[in-house]
A.B. asks: 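Pasting in a structure now, in structure tokens, and then I'll have a few things to ask.
Letters A, B, ... are given to chains in the order of the sequence lines, protein chains preceding strands, and every chain is numbered from 1.
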Amino acid sequence: MSEIRVRFAPSPTGYLHVGGARTALFNWLFARKVGGKFILRIEDTDLERSTKAATETILQGLTWLGLDWDEGPYFQTENIELHRKRAYQLVESGSSYRCFCTKQELDAKRKEAEANKVAYKYDGTCRRLSKSEIDAKLAENRPFVIRFAVPQDGQAVTWNDLVYGEQVKQHSDIEDFVMIRADGSPLYILSNVVDDADQRVTHVVRGQDGLPNTPKQILIYKALGEPVPNFAHLPLILDNSRAKLSKRFHGDVVMVSFYQERGFIPDALLNFLALLGWSPGMDREIFSRQEMIELFSFEGVNRSNGVFNFRKGDERNWTDPKALWMNAEYVSKTDLTTLLPMVIEEFKSRGMWREEYEKEKAEWFAKTVDLLRARYRTLVDFPTLGRAYFEDDFTYEDAAVSKNLKDPLLKELLPALAERFAALEFFTLETTEEALRKLAEESGIKAGLIINGARTALTGQSVGPGMFDVIVTIGQKRCVERLKKAAQLIS
RNA sequence: GGCGCAUUGGUGUAGUCGGUUAACACGCAGCCCUCUCAAGGCUGAGACCACGGGUUCGAGUCCCGUAUGCGCUACCA
């Protein structure tokens, strides 16, 4: 059994989007599972639209996701000579031919067919050209394209798609497609096959939009005398109105880089993407990379298109709620030692990182992250929602202030609490709680009033971890200062 | 228009060879816990398995048709 080889072959015409990431993921999972090779090939033959920046973005995205490739990146443009050579080889062998029809002629025929409501298919005019006719046109320097001569034998192309099962396509339904343009450049349909053959790809795993041109490609493989690879087509990802996901319409949510910016953990995104179109067939949804690798199979891939459940303009659910939930799971369940570097990175990129966090306050930092994580959904939440735990210049949320700092009694109580906190010799969960409850008791009011008032005074928010954890985390000195300061907020 | 693929609650999915009160998760609602919460616990609503015919004692599961959606239909990739 020879080596199994798969490839991810994006065209560098933009960012890496979630659909592409999922295709890459499935290729990667399969390769890792069977001990094969995962190849990266950049299909940059569309010179007009391909950019160096897009290639960078794609590589960066895959790297961030941890989808490491074993070979490449290969660039399709570097192989153009081979593509051309192979096409001419087919002309020699008679399975392809030069077509001198002009675009204008073809357009006219297409229009006519449309007007008559007949399916347009190239009529094979040039396929019937005699040797002398061809030589004559060549002598006149007439431009030509190279078309594949689809067998007219009433047979069909068949293959067993690993996801979609047995497929049959009649030769008569396939037109003599163009492989080489008049300017001599190869088309995707050809380049793709030649590169896959050249790179000895054994399994073509790609989006379902590649399904219709698979028969054509199989025809090319056969004419070239190359082994036909296995094909596995993946369902597409649509939006909730069943339209294709696009940057133009949906904005940044389709870009992998956006998830990185918004604080996603790569494993969480991968986990979510994997389940969008694949299921290991069990009542579990959280899988580590290793588990996904072990569990992956094409039989588990769904055949119907998946819906990316996201609504524009919902700030809280800025992407599919399930993706957010999954990321939250990862944020709160990932080993702290694994999570910490990611959080630290987040602080660094926001200029909130301090030397002491990796020295004398390293333990404090880790504990604080651990305390906050259960309520956070993304990495970004730590420096933003959690700002008050790390910086003194946090903001008081209006809603929190009006909810918890309403009672005039607090104007006296908060400073009083500050006094008692300041007097504490040991600042612990127990001592702070005792001090606070005692104050409440002596004042004849419910502890909750002071607790919630303190919450907003200390963090600017109305939600958070258990209050005494918050108090101890923020520390004696800062608690005292903030309690005094907050009293001024009360009218 | 032609060719192809698909169709289980709002979303993602499970339902091997036809016999289940159609399962799980997200989301949603309510309740509990509690010093708060977007955290945790519990409960619930929500699917006549697209529709119509068959086959069968019995179909989400098999067959045919229809509808709908999506893809392809380029000298784009």
A.B. asks: For residues 370-378 of chain A, which residues have at least one heavy atom under 4.0 Å from RNA chain B?
C.D. replies: A374(A), R375(A)
A.B. asks: Determine which nucleotide pairs with A38(B), using a 3.5 Å limit on both distances of a Watson-Crick or G-U wobble pair.
C.D. replies: none
A.B. asks: Contact class for Q167(A) vs. all strands (heavy atom < 4.0 Å): base, sugar-phosphate, or nothing?
C.D. replies: sugar-phosphate
A.B. asks: Please confirm whether the shortest side-chain N or O distance from R181(A) to OP1 or OP2 of A77(B) is below 4.0 Å.
C.D. replies: yes
A.B. asks: Test of understanding: with side chain to side chain donor-acceptor pair (under 3.5 Å), list the residues that count as partners of N160(A), not counting sequence neighbours.
C.D. replies: none
A.B. asks: Partner lookup for U55(B), please. Criteria are Watson-Crick or G-U wobble with both distances under 3.5 angstrom; report none if nothing qualifies.
C.D. replies: none
A.B. asks: Nearest whole Å is fine: how far is G27(B) P from K322(A) NZ?
C.D. replies: 9 Å
A.B. asks: Verify the contact: side-chain N or O of R110(A) to OP1 or OP2 of A74(B), cut-off strictly under 4.0 Å; return yes or no.
C.D. replies: yes
A.B. asks: Taking any heavy-atom pair under 4.0 Å as a contact, classify Q76(A): base, sugar-phosphate, or nothing.
C.D. replies: sugar-phosphate
A.B. asks: Between P280(A) and F287(A), is there a side-chain heavy-atom distance shorter than 4.5 Å?
C.D. replies: yes
A.B. asks: K111(A) NZ to G2(B) P: how many Å, rounded?
C.D. replies: 21 Å
A.B. asks: Measuring centre to centre across the rings, with the benzene-like ring taken for any Trp, is Y259(A) within less than 6.0 Å of W318(A)?
C.D. replies: yes
A.B. asks: Need one value for G466(A): base, sugar-phosphate or nothing, where a base atom within 4.0 Å counts as base even if backbone is also close, heavy atoms only.
C.D. replies: base
A.B. asks: Take atom CZ of R49(A) and atom C1' of A77(B), then tell me their distance rounded to the nearest Å.
C.D. replies: 6 Å
A.B. asks: With sugar-phosphate meaning primed atoms plus P, OP1 and OP2, does V307(A) contact a base, only sugar-phosphate, or nothing at under 4.0 Å between heavy atoms?
C.D. replies: sugar-phosphate
A.B. asks: Less than 4.0 angstrom between a side-chain N/O of T13(A) and OP1 or OP2 of A77(B), yes or no?
C.D. replies: no
A.B. asks: What's the gap between G44(B) and G1(B) when it is taken at their C1' atoms, as a whole Å value?
C.D. replies: 50 Å
A.B. asks: Between the protein and nucleotides 48-50 of chain B, list every N/O to N/O distance that falls short of 3.5 Å.
C.D. replies:
none

A.B. asks: Go ahead and name the base partner of A47(B); Watson-Crick or wobble counts if both distances stay under 3.5 Å, otherwise write none.
C.D. replies: none
A.B. asks: Does N302(A) put a side-chain nitrogen or oxygen below 4.0 Å from OP1 or OP2 of A14(B)?
C.D. replies: yes
